[in-house]
Amino acid sequence: MSQTPSAAGAPLSARVTAPQHLSHPTHPDVAVWRGATAADIDAVHAVIAAADRVDHPTWVTPREDVADTFALADVDHLTDTALAFSADGEPVAVGSVMRHPDTSVAVKIHLSGAVHPQWRRRGLGARLMAWQQTRARQMLAACERAVPGEVHVYAHDGDDGTVVLAERAGMVTGRWFTTMERHMSHPIPELGVPEGVTLVGFDAARDEATRQARNDAFRDHWGSLPTPPERWAHFTGGAFLRRDLSTLAVIDGEVAAFCLASVNEDDWVTLGATHSYIDLIGVVRAHRGRRLAPLVITRTLAAIATAGLERAVLDVDTASPTGANSLYEGLGFVATERDRVFVAHF
């Protein structure tokens with residue numbers, strides 16, 4: 001393992017070693033470790049939600065997000081998830097290893113999971129992280145493509161346990177992301193729409209065009225790979241996306257920019273305010289420099305205000321190549337929290 005991207009001269013299968021067989025972790029306090037099935041969605045979510053309330057109390061992972069991963073054709077929780085139960089059958093820890101479905105330019109693997117707060121400081125996290133790292137290496141070693149390999153772990157600022165485990169595994173901080181909030185009581189700038197640009201809501205007829213625009217807009221963003229149709233359908237067809245709050249900028253019939261927003265009312269309690277989360281903002285590269293991003297954002301902000309919500313929330317790469325941080329600050333967003341991404345390169 002190295003801390004810089006590997007030269008793609010040899011396939012990952014020749015560069016990464018991993019054991020052929022891997023058993024689930026063991027721990028004296030855990031009665032059962034096993035893979036997960038769709039019947040375990042509530043158990044997995046129970047552990048993650050309990051951890052969320054401690055690790056980042058302003059938002060909680062929706063059960064729907066957990067359930068979506070069990071419906072993806074490229075995710076096998078039976079082999080790629082370790083779920084731990086106590087002697088009385090309570091779920092106490094979970095860890096998953098998921099490979100991004102697009103391997104055209106890199107193989108990127110995301111590690112996620114949690115230990116229930118009441119079961120921490122017993123070494124479960126270390127056992128789980130070791131298992132996840134080995135399973136990730138198996139996935140990399142199975143790839144015959146001559147592309148870089150990466151393993152990612154996210155840690156909320158202040159989540160010292162994940163930081164320690166990631167650093168012990170040889171991972172380094174690759175990027176910081178900032179959460180920003182905007183109080184909707186502040187006036188929203190009124191921007192003129194240039195000739196040839198039409199601002200519209202996000203309708204189902206433009207789903208595929210918007211997916212393609214997203215993939216083009218994010219091609220030069222850190223850590224981003226193309227979103228395939230199946231993943232996109234889970235996002236746009238999910239319970240939280242609000243098409244009425246979302247905005248597209250259309251030029252000559254093509255999607256040139258987008259601002260897609262969602263609403264999860266469960267997060268209203270944890271944040272302490274009604275709000276909409278802005279999931280994606282982007283401009284296709286052929287139309288950058290035309291001030292389309294402020295146009296789609298301000299239209300979405302106006303829709304959020306009209307809906308009577310108190311705040312808008314988004315996350316941004318602190319080293320965004322498009323200068324997004326300054327744009328959001330200029331529109332009234334204020335930084336509130338941070339997350340970092342630990343990375344191991346192969």
Give the minimum heavy-atom separation between [X] and [Y], together with the two atoms involved.
| X | Y | answer |
| --- | --- | --- |
| Cys259 | Ile297 | SG-CA, 4.1 Å |
| Leu241 | Leu260 | CD1-CB, 4.2 Å |
| Val313 | Phe333 | N-CE2, 4.4 Å |
| Ala50 | Pro117 | O-CG, 3.5 Å |
| His45 | Val66 | CD2-CG2, 4.1 Å |
| Arg182 | Pro187 | NH2-O, 2.6 Å |

Presence of salt bridge, [Y] and [X], under 4.0 angstrom:
| X | Y | result |
| --- | --- | --- |
| Arg214 | Asp279 | no |
| Arg127 | Asp29 | no |
| Asp80 | Arg99 | no |

Mind checking the [atom1]-[atom2] spacing from [X] to [Y]? Nearest 0.5 Å is all I need.
| X | Y | atom1 | atom2 | answer |
| --- | --- | --- | --- | --- |
| Glu90 | His116 | CD | NE2 | 8.0 Å |
| Leu271 | Asp266 | CG | CG | 13.0 Å |
| Asn264 | Glu64 | CG | CD | 7.0 Å |
| Ile304 | Asp244 | CD1 | CG | 10.0 Å |
| Arg299 | Glu190 | CZ | CD | 14.5 Å |
| Trp131 | Leu111 | CH2 | CG | 9.5 Å |

Output yes when a side-chain donor or acceptor of [X] lies under 3.5 Å from a complementary backbone atom of [Y], and no otherwise.
| X | Y | answer |
| --- | --- | --- |
| Thr274 | Glu310 | yes |
| Thr134 | Ala130 | yes |
| Arg137 | Val16 | no |
| His100 | Asp102 | yes |
| Arg338 | Trp176 | no |
| Asp52 | Thr61 | yes |
| Asp40 | Thr37 | yes |

Between Trp222 and His152, ring centroids under 6.0 Å: yes

Face-on cation placement of Arg122 at Trp119 ring, 6.0 Å and 45° thresholds: yes

Mutual orientation of the aromatic rings belonging to Phe235 and Trp232 [parallel < 30°, tilted 30-60°, perpendicular > 60°]: perpendicular

Mutual orientation of the aromatic rings belonging to Phe177 and Tyr154 [parallel < 30°, tilted 30-60°, perpendicular > 60°]: tilted

No-hydrogen, no-angle side-chain donor-acceptor test under 3.5 Å, Arg340 and Thr162: no

Arg135 and Gln132: side chain donor to acceptor below 3.5 Å: no

Criterion salt bridge (charged side-chain N to carboxylate O under 4.0 Å, His left out) on Arg63 and Asp42, from CA distance to verdict: CA-CA 7 Å; Arg63 182 188 184 279; Asp42 287 328; 2.5 Å; yes

Crowding at CZ, Arg285 (>12 non-hydrogen neighbours, <6.0 Å): yes

ring-ring contact (aromatic ring centres under 6.0 Å, His included) involving Phe70 - partner list, sequence neighbours excluded: His77

